[in-house]
Amino acid sequence: MADSKSEGPNTKPQSSAQTEVANGGVASRADRYDPQAIEQKWSERWAQNPDLYRAEPPTSSRKKYYVLEMLPYPSGALHMGHVRNYAIGDALARYMWMQGHNVLHPMGWDAFGLPAENAAIQNQTPPRQWTLHNIASMKAQMKRLGFAYDWSKELATCLPEYYRWNQWFFLKFFEQGLAYRKKSKVNWCPECATVLANEQVLPNGCCWRHENTPVEQRELEQWFLRTTKYADELLQGLDTLQGWPEKVRTMQRNWIGRSEGTLVDFKLDGAAGPAGDTISVFTTRVDTIYGATSLQLAPEHPLVADLIANDPGLLAKVEDLMAEQRKAKEVGDIGAIEKHGVSTERYALNPFNGEQVPIWVANYVLLDYGTGAIMSVPAHDERDYEFAKKYGLDIRVVILPRRDGDERRETDEPVLPFTEMDSLVMNSGEYSGLPCQEAIVKMSKFAEAQGFGKATVTYRLKDWGISRQRYWGTPIPMIYCPDCGIVPVPEKDLPVLLPEKVQFMPLVIAGVVAGGSPLSRVPEFVNVNCPKCGGPARRETDTMDTFVDSSWYFYRYTDPSLDSKPLDSDTVGYWFPIDQYIGGVEHAILHLIYSRFWTKVMRDMGLVKNSEPADRLFTQGMVIKGGAKMSKSLGNVVSPDDMVARYGADSTRMYTLFASPPDRDLDWQDAGVEGISRFLSRVYRLVTENTPTQNNQPELPVANKRGPAARNLQRELHKTIKRISDDFKGRWHFNTSIAALMELTNLFSGMSSDIADGNVPMEDVAEVKRSLVLMLAPFAPYLTHELWEMLGETADLLRAPWPQYDAALAKEEEVEIAIQVNGKIRSRIVVPADAEEAQVRELALADDKVKAALAGKEVVKVLVVKGRLVNIAVK
RNA sequence: GCCGGGAUGGCGAAACUGGCAGACGCAGCGGACUUAAAAUCCGCAGGACCGAAAGGUCUGUGGGGGUUCAAGUCCCCCUCCCGGCACCA
């Protein structure tokens with residue numbers, strides 16, 4: 001994504017076409033496949049007909065089909081990953097058109113984001129100009145590749161016609177309490193004077209643009225969207241998404257991280273400070289609370305400051321723990337660091353038995369999960385056990401393995417740490433003897449009744465922080481008034497427009513870098529009258545996370561120029577849910593969870609009826625080269641423009657489908673494109689040669705009954721139709737679809753003498769040609785349009801019906817059967833396809849080679865698999 | 001550590017429900033066409049061995065066991081590669 005360099009495509013006109021055309025009389029059309037000439041011709045034709053791929057309105061009598069590919073960030077140029085993604089979607093869209101569907105196949109631009117600002121700083125180009133220029137380049141690339149989009153639905157998220165609806169949604173969210181403001185920690189680079197995304201913090205904890213500047217954690221007021229309100233529904237909805245890859249659903253489940261447990265308040269023993277006298281812990285195993293021999297607080301837990309306030313030595317140690325944690329988090333291996341801790345020399349009281357429990361601070365306790373404090377039960381938790389061993393804390397066993405039928409004996413000491421849930425509680429007062437599950441329920445109820453706790457559910461999923469201290473994003477439509485407080489911009493004043501004249505370089509005043517978004521330095525933008533009281537007020541200067549843009553763009557596609565509302569519910573009701581969404585698995589979590597969240601909010605607002613955005617999701621594999629992801633630093637990037645210039649768009653996109661199944665990684669090999677190009681040349685030659693009109697075979701000797709050659713061709717044609725149709729309906733293994741077309745082509749090409757001799761009816765030849773062109777149409781649009789026209793067809797190829805499979809014609813008359821003796825092939829025989837088992841068995845046993853192999857052996861068993869093989873087991 | 005995906009010729013891969021391993025393509029070799037080359041067309045091609053040849057024998061889907069008349073495919077154990085998550089209390 002963060003691809004700031006690179007200008008648009010630079011496709012040189014590569015024409016060998018002139019030479020072909022120049023010497024041509026009427027009859028001598030180019031006899032060689034010339035992709036550049038063909039593709040140029042059809043590009044021009046398609047350009048003259050902008051409504052070609054336009055979806056019909058909901059009144060259409062056709063069945064709707066919405067195929068969507070993830071929209072690109074306009075970095076400047078498409079890469080091979082895009083080509084693959086869009087080639088898959090385009091093949092599907094074209095197939096669906098040929099199936100007679102009303103297809104919606106839109107494209108747009110995820111056009112806000114930091115690279116545009118970087119470009120502004122580096123090249124003095126305004127972000128808007130840079131972005132629109134890139135969009136123009138990439139759109140030209142897409143057109144050159146021949147993708148069939150309904151461009152009347154195009155949108156760019158950086159334009160006010162789009163982002164005003166982000167703002168509108170934000171106001172609605174705010175009204176419903178789904179948008180709120182709170183303090184939160186952010187990555188802050190003091191040199192850039194802005195917040196960084198986690199991905200922009202280098203492994204060494206420094207800024208990506210200032211490699212020697214450590215990133216700081218700052219507390220800032222941020223806007224959040226309440227995704228956690230939908231946590232349970234987001235989780236449960238995953239079960240309904242049968243058309244999504246299990247992998248993605250698992251990742252989302254883990255991300256949401258639902259965990260049932262109990263909150264328990266421990267009271268501080270002794271004097272309390274400003275942070276209060278209660279330490280709340282979250283545990284999934286409250287049944288082990290009688291085994292709690294310490295409390296462990298996260299180093300940044302608010303109470304820690306109180307507890308160590310009078311002890312500078314302790315303070316230093318706690319700061320070390322914080323540093324350790326922060327560093328490990330930045331490097332990404334928190335979980336690997338060695339457990340450290342320090343005792344605060346203070347105590348809390350276990351509310352269940354009144355026991356004094358020492359309070360420690362430990363580096364393995366995380367502030368942002370649960371309550372940031374845990375009860376430590378060394379006997380029954382691996383981490384607590386490791387920690388207690390290290391610091392010599394008490395280890396008290398309070399659950400025991402359950403034994404079938406047996407009386408439990410107190411001497412049955414389990415191996416520690418012992419964590420089995422199917423156990424019995426002991427040494428726990430009135431709860432002793434209960435199964436763990438039961439104890440958890442009873443103890444949680446008791447805690448609630450006594451007012452020191454309750455059963456609860458926590459999530460790993462956090463509310464979505466959307467504030468960004470950046471320019472190139474959607475302004476958050478809020479105003480801060482000294483008298484009225486936070487005041488939303490009235491709906492009628494939307495959109496809040498991004499100002500054009502902005503200084504991006506951080507300001508340095510008296511040696512200190514000024515903070516805040518570049519917007520905060522635009523007085524015309526900041527200074528505003530309060531909508532409530534009319535007095536002077538300030539605008540919010542943060543912008544929205546770009547994931548907001550991509551959370552609902554696919555709804556806007558249904559009517560992107562609508563200016564009275566974000567979408568028309570009836571139109572959306574017609575098109576949704578998306579029938580097929582296609583994109584990279586790297587968006588499995590963020591984008592796809594946010595989109596699901598947004599859909600549910602919209603549904604609750606009454607805007608849409610569906611609860612999930614997409615019925616089916618397909619995640620394609622990466623394009624790699626030499627076993628590694630393509631990257632500039634490795635120098636293994638293959639440019640689509642180069643490939644198109646050399647082999648044409650058809651070959652380039654078709655290769656991305658042929659080289660491996662679309663759900664797997666694709667190892668790029670230039671020579672492979674050449675193979676496809678050769679194949680298309682063969683098709684071109686075969687279809688243009690021997691066209692029925694050219695061949696003056698008059699009466700055919702085989703008018704009604706086809707000879708073996710003709711039957712063979714007919715049979716293979718229908719087998720191919722079935723293979724390809726099945727692939728579109730099922731696994732999408734286009735690599736085998738294309739292989740099937742190659743096989744048919746090879747067979748057809750090998751039959752030229754049969755055709756010349758009149759052994760194949762001309763109508764069959766014509767049917768094979770037509771079918772070949774039709775079945776190739778989803779993969780190679782330019783060539784197939786050209787050939788379709790050459791075959792004398794005038795109707796639109798995309799409206800031509802897909803070839804029909806006829807099982808009777810695909811049926812084999814004879815089949816070859818392998819004969820095995822003890823699993824090893826000894827012979828092969830040809831039998832009628834419908835031969836009975838007994839008959840095949842006779843023939844097999846009568847075969848000379850088989851007899852030889854059976855000589856002197858005793859036949860134990862003869863197994864016949866119809867149409868496939870015979871296996872004779874001998875002793 | 002946990003959860004996915006994967007390992008098949010020189011290379012990308014195919015074999016969808018257990019049934020002839022290697023379809024299709026790339027690279028390679030041989031031949032035709034050509035003054036020559038390119039392009040194109042035809043043919044060969046997992047490996048080892050036997051044979052002048054036709055043909056034959058053995059072996060082979062990361063490794064080891066198992067189930068089965070039959071295993072790339074099913075079961076158990078192990079190795080390596082890729083992706084995701086990770087002191088989640």
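Remember, predicted model here, so these are calculated numbers, not experimental data. In the text below, chain A, chain B and the rest are named by the order of the sequence lines, each starting its count at 1.
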Asks: Is the phosphate of C41(B) approached by Arg682(A) (side-chain N or O, under 4.0 Å from OP1 or OP2)?
Replies: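 Checking C41(B) against Arg682(A), a side-chain N or O does come within under 4.0 Å of OP1 or OP2.
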Asks: Within this structure, what is the CG-to-P distance between Leu295(A) and A89(B), rounded to whole angstrom?
Replies: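 Answer to the nearest Å: 18 Å.
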Asks: Verify the contact: side-chain N or O of Arg826(A) to OP1 or OP2 of U57(B), cut-off strictly under 4.0 Å; return yes or no.
Replies: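 Affirmative; the distance criterion is met.
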Asks: Measuring from the side chain of Asn735(A) (C-beta onward, heavy atoms only), which nucleotide among A89(B), A14(B), C24(B) has the closest atom?
Replies: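 Among A89(B), A14(B), C24(B), the one nearest the side chain of Asn735(A) is A14(B).
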Asks: With distance as the sole criterion, is a donor-acceptor pair present between the side chains of Asn350(A) and Tyr290(A) under 3.5 Å?
Replies: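 No, no side-chain donor-acceptor contact under 3.5 Å.
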Asks: Please tell me which of the listed nucleotides, C24(B), C87(B), A14(B), lies nearest to the side chain of Ala739(A)?
Replies: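 Among the listed nucleotides, the one closest to the side chain of Ala739(A) is C24(B).
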Asks: Heavy atoms from C-beta onward define the side chain here; which of C41(B), C69(B), C24(B) lies closest to that of Phe658(A)?
Replies: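 So the side chain of Phe658(A) is nearest to C24(B).
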Asks: So what does Glu246(A) hit on the nucleic acid, given a heavy-atom distance under 4.0 Å: a base, only sugar-phosphate, or nothing?
Replies: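 Nothing, no heavy atom under 4.0 Å.
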Asks: Return the 5'-most residue of the pair Ser749(A), Glu338(A) with respect to RNA chain B, ranking by each residue's nearest nucleotide.
Replies: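 Of the two residues, Ser749(A) wins.
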Asks: Identify, between Ile374(A) and Leu869(A), the residue whose nearest nucleotide on RNA chain B lies closer to the 5' end.
Replies: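 Checking each residue's closest nucleotide, the 5'-ward one belongs to Leu869(A).
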Asks: Of all the nucleotides listed (G19(B), G84(B), A13(B)), which has the minimum atom distance to the side chain of Ser660(A)?
Replies: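 That would be A13(B).
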Asks: Check whether the side chains of Asn746(A) and Arg682(A) place a donor and an acceptor atom closer than 3.5 Å, and report yes or no.
Replies: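 Yes, because at least one side-chain N or O of Asn746(A) sits under 3.5 Å from a partner of the opposite role on Arg682(A).
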Asks: When you measure from the side chain of Asp667(A), which nucleotide among C87(B), C41(B), G12(B) comes out closest?
Replies: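 Within the option list, the nearest is G12(B).
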Asks: With a cut-off of less than 4.0 Å, is there a side-chain N or O of Arg460(A) near OP1 or OP2 of A86(B)?
Replies: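 Checking A86(B) against Arg460(A), a side-chain N or O does come within under 4.0 Å of OP1 or OP2.
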Asks: At less than 4.0 Å, is any side-chain N or O atom of Asn254(A) found next to OP1 or OP2 of C2(B)? Yes or no.
Replies: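 So the side chain of Asn254(A) is outside the cut-off, no N or O lying under 4.0 Å from OP1 or OP2 of C2(B).
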Asks: Any idea which of C41(B), C82(B), G12(B) is nearest the Ala659(A) side chain?
Replies: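 From the listed options, G12(B) comes nearest.
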Asks: Quick one: does Lys247(A) reach the base of C3(B) with a side-chain donor-acceptor pair under 3.5 Å?
Replies: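 No.
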Asks: Could you check G55(B) for me: syn (within 90° of 0) or anti?
Replies: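 Here G55(B) takes the anti form, which means its glycosidic angle is more than 90° from 0.
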Asks: Show the numbers, then the answer: is there a ring-ring contact (aromatic ring centres under 6.0 Å, His included) between Phe452(A) and Phe266(A)?
Replies: CA-CA 8 Å; Phe452(A) 63 77; Phe266(A) 285 65; 8.7 Å; no
Asks: Does Lys339(A) offer a backbone N or O that forms a donor-acceptor pair with the side chain of Asn363(A) under 3.5 Å?
Replies: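 Flag not set: sc Asn363(A) to bb Lys339(A) has no pair under 3.5 Å.
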Asks: For Val281(A), which contact category applies under a 4.0 Å heavy-atom criterion: base, sugar-phosphate, or nothing?
Replies: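 Here Val281(A) touches no strand at all.
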Asks: Below the 4.0 Å mark, does A86(B) have OP1 or OP2 next to a side-chain nitrogen or oxygen of Arg383(A)?
Replies: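 For A86(B), OP1/OP2 do not have a side-chain N/O of Arg383(A) under 4.0 Å.
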Asks: If only side-chain N and O atoms of Arg258(A) are considered, is one of them under 4.0 Å from the OP1 or OP2 phosphate oxygen of C88(B)?
Replies: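 No, outside the criterion.
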Asks: Can you give one letter per nucleotide of nucleotides 45-51 of chain B, 5' to 3': B if a protein heavy atom sits under 4.0 Å from the base, S if only from the sugar-phosphate, - if neither?
Replies: -------
Asks: Would you please indicate if the ring centroids of Trp360(A) and Tyr391(A) are separated by under 6.0 Å?
Replies: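 Yes, ring centres under 6.0 Å apart.
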Asks: Is it true that Asp727(A) and Thr736(A) share a donor-acceptor pair across their side chains at a distance under 3.5 Å?
Replies: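 Indeed, the side chains of Thr736(A) and Asp727(A) share at least one donor-acceptor pair under 3.5 Å.
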Asks: Taking 4.0 Å as the cut-off, does a side-chain nitrogen or oxygen of Arg723(A) come that near to OP1 or OP2 on C16(B)?
Replies: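 Answer no for this pair, as no side-chain N or O of Arg723(A) is under 4.0 Å from OP1 or OP2.
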Asks: Could you check which of C24(B), G19(B), A89(B) has an atom nearest any side-chain atom of Asn746(A)?
Replies: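 The nucleotide sitting nearest to the side chain is C24(B).
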Asks: Within the side chain of Gln252(A), is there an N or O that forms a donor-acceptor pair under 3.5 Å with the backbone of Leu235(A)?
Replies: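 Such a contact is absent between Gln252(A) side chain and Leu235(A) backbone.
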Asks: Checking side-chain polar atoms at under 3.5 Å, does Tyr655(A) have a donor or acceptor matched by the opposite partner on Asp670(A)?
Replies: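 No.
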Asks: Whether Lys824(A) contacts U59(B) is assessed here as follows: a side-chain N or O lying under 4.0 Å from the phosphate OP1 or OP2. Is that the case?
Replies: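 For U59(B), OP1 or OP2 has a side-chain N or O of Lys824(A) closer than 4.0 Å.
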Asks: Compare the minimum distances between each of C24(B), A15(B), C87(B) and the side chain of Thr736(A), then state the nucleotide with the smallest one.
Replies: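 Looking only at side-chain atoms, Thr736(A) lies closest to A15(B).
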Asks: Could you list all N or O pairs between the protein and nucleotides 26-30 of chain B that sit under 3.5 Å apart?
Replies:
from: C26(B); atom 1: OP1; to: Arg678(A); atom 2: NE; distance (Å): 2.9
from: C26(B); atom 1: OP1; to: Arg678(A); atom 2: NH2; distance (Å): 2.9
from: A27(B); atom 1: OP2; to: Arg678(A); atom 2: NH2; distance (Å): 3.0

